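What you see is a predicted model; the values in this text were computed from it and never measured. Atom set for the values below is all heavy atoms of this structure, side chains included, hydrogens, waters and symmetry mates excluded. Naming convention: chains lettered A, B, ... in sequence-line order (proteins, then strands); numbering from 1 in each chain.
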Amino acid sequence: MTGNDATAEAMRQIAPDVVTCFPITPQTELMHKFAEHVADGDVDTELVLVESEHSAMSAAVGAAAAGARAMTATAANGLALMWEIVYIAASYRLPIVMPVVNRALSGPINIHCDHSDTMGCRDTGWIQLYSENAQEAYDNTLQALRIAEHPDVLLPVMVTFDGFILSHTAEILEGLEDAEVKDWIGTYEAKYSILNTDDPVTIGPLDLQDYYFEHKRQQVEGMRHAPDVIREIGRAYGELCGRSYDLFEAYRLEDAELAVVALGSTCGTTKVVVDELREQGVKAGLLKIRSFRPFPEAEIAEALGNAKAIGVLDRSISFGAPGGPVHKEIKAALYGTGHEIGIVNYIYGLGGRDMSMNDIKTAFAGLEKVAREGTPDDNIRFLGLRGEGGV
Amino acid sequence: MSQMTEIRWHARGGQGAKTGSLLLAQAAAMEGKYSQGFPDYGPERMGAPMRGFTRISDEPIRVHCAISEPGMVVVLDDTLLSMVDVVGGTPVDDGLIVINTLKSAADVRSELKLEGRKVFTVDATGIAISEIGRPIPNAPMLGALIKVSGLLSLDTVKGQLKKKFSHGFRPEVLEGNLRAIQRAYEEVIGE
């Protein structure tokens, strides 16, 4: 199954009450597949076809506020168009689950993978889970529902997976039985519903100087509980099917001197490179981030504590900032830990530029010098770029 | 690390290399193998050069990048031979190239100044026109690839094709494709 098929399969098994839908490459096949399930009567989901992504998220917010299990999916410019409502979904504490098929933002217009779409909304108040392959996109979608609906969290969750590289690649998927998924997700009873006239509530009124600040603080609280919940659900999922999940994965990292930090599909390629380097006697390792929001700062700093040099891979740019979004988080996480570790940021793969094993070897090779000499002046590098500034 | 087979497809948009690369991967899965199939979606224009990729392995496949050193190459359009480095990265000793062309393997070899490797040719377009009624050479090229590589059983590939064409296609289309696979399987020759 492709990543899109795998995610549509998870959605079929979840059978949300409401799915709102607007197509955008490379998400189109996902919703196409799910719409087929609706048309074939495999699910009794109310499929709401809307005229834009802004409306897709608005309708999902409305459905979730009424107490429904609501989902949608998008990518890139579609996510950008729903931006306003993405914030609103989080602030209303609505447990919407949304697969986002990572794609570069225009312009110039490009349909291929990078992380500029989801990285751009890292501060919207959504939980973000990144996936290495189609299997993880499926597994993360099933877990996301439980995380979002957990009473200590009550926040929307984005499950991201790389456009085309995962969304359009046929891979092997080990799915759960329909009955297992049904048991896993259970039934959902929303704490509040705007349709419950016995217990009337108002969702989304004007909230000015008097309480807005306190409500924002409550969102922080939900996010603060999320790491424990994500871990707990990741363990329970492991007991169910043998594939357990944590906030991040440390791959051959314990004694690694040269560590790469990454997220998304390139982590799999990096693991193969790490294995090759290990065979050559290089102490290489990978830290794969699964949960970027919440960002498990202290645990990541500890896991990287033995490294002598760190290369952070970013598939997006934060213009005008010192490096990409992942790079800045890693640097901030290490601040004050007492470890003076050389760090280099490798921006790579923008607009779908292939990230080959040789590119990753180049990144590791660069780290050997950093391990000896510390963070260099040219610590923001463009991996796989032609021309000036490229490595 | 266990052996992984990597196959690169060269074609023009509309010739079915995307379907071919994915269908081969799905057929491999039917034989209990791990597999990946994907194209490198270019400008998505009919006639534009494009590539497809298939990986098959007994172990889970972790890499997610294009294939730069394929053990096998399938070329669906011989006008690409002079434009694209179709054999790039293939091993000289046992690289395997299958081409849809009226030319002989020896002609292709001299045109590409190709040393080593095994070269096979088949008139997949001719087969497609006579069996399917349209010049879409992906199905016969699958048949040819299976014959010269022995990667999977032909029945598995045919079974996967039946699955693919069971929904929304006229039965004649499926039957034509099955005949085309069989004919290319029998007619591919090389050295």
Residues in residues 9-36 of chain B near chain A [non-hydrogen atoms, under 4.5 Å]
B:K18, B:L22, B:Q26, B:A29, B:K33, B:Y34, B:S35, B:Q36
Is it the backbone or the side chain of A:S265 that comes under 4.5 Å from a heavy atom of chain B, or both, or neither?
both
Salt-bridge criterion met for B:R109 and B:E191 (N-O under 4.0 Å)
yes
What is the minimum heavy-atom distance between A:R353 and A:L385, and which atoms define it?
NH1-CA, 4.2 Å
Quick check on B:P60 against chain A: is it the side chain, the backbone, both or neither that has a heavy atom closer than 4.5 Å?
neither
Less than 4.0 Å between a side-chain N and a carboxylate O, is that true for A:E132 and A:K271?
yes
Tell me, side chain or backbone of A:D354 under 4.5 Å from chain B's heavy atoms, or both, or neither?
side chain
Can you check whether B:F38 and B:H64 have ring centres sitting under 6.0 Å from each other?
no
The residue among A:L166, A:V159, A:L30, A:V101 that forms side-chain contact (heavy atoms from CB on, under 4.5 Å) with A:T7 is A:L30
Could you tell me whether A:R12 and A:E9 have a side-chain N and a carboxylate O separated by less than 4.0 Å?
yes
May I have the step-by-step check of side chain to side chain donor-acceptor pair (under 3.5 Å) for A:D275 and A:Y251, ending in yes or no?
CA-CA 10 Å; A:D275 288 353; A:Y251 185 77; 2.7 Å; yes
Salt bridge check: are A:E136 and A:K288 linked by an N-O gap of less than 4.0 Å?
yes
Greatest number of heavy atom pairs closer than 4.5 Å to chain B - which of A:T270, A:T169, A:N358:
A:T169
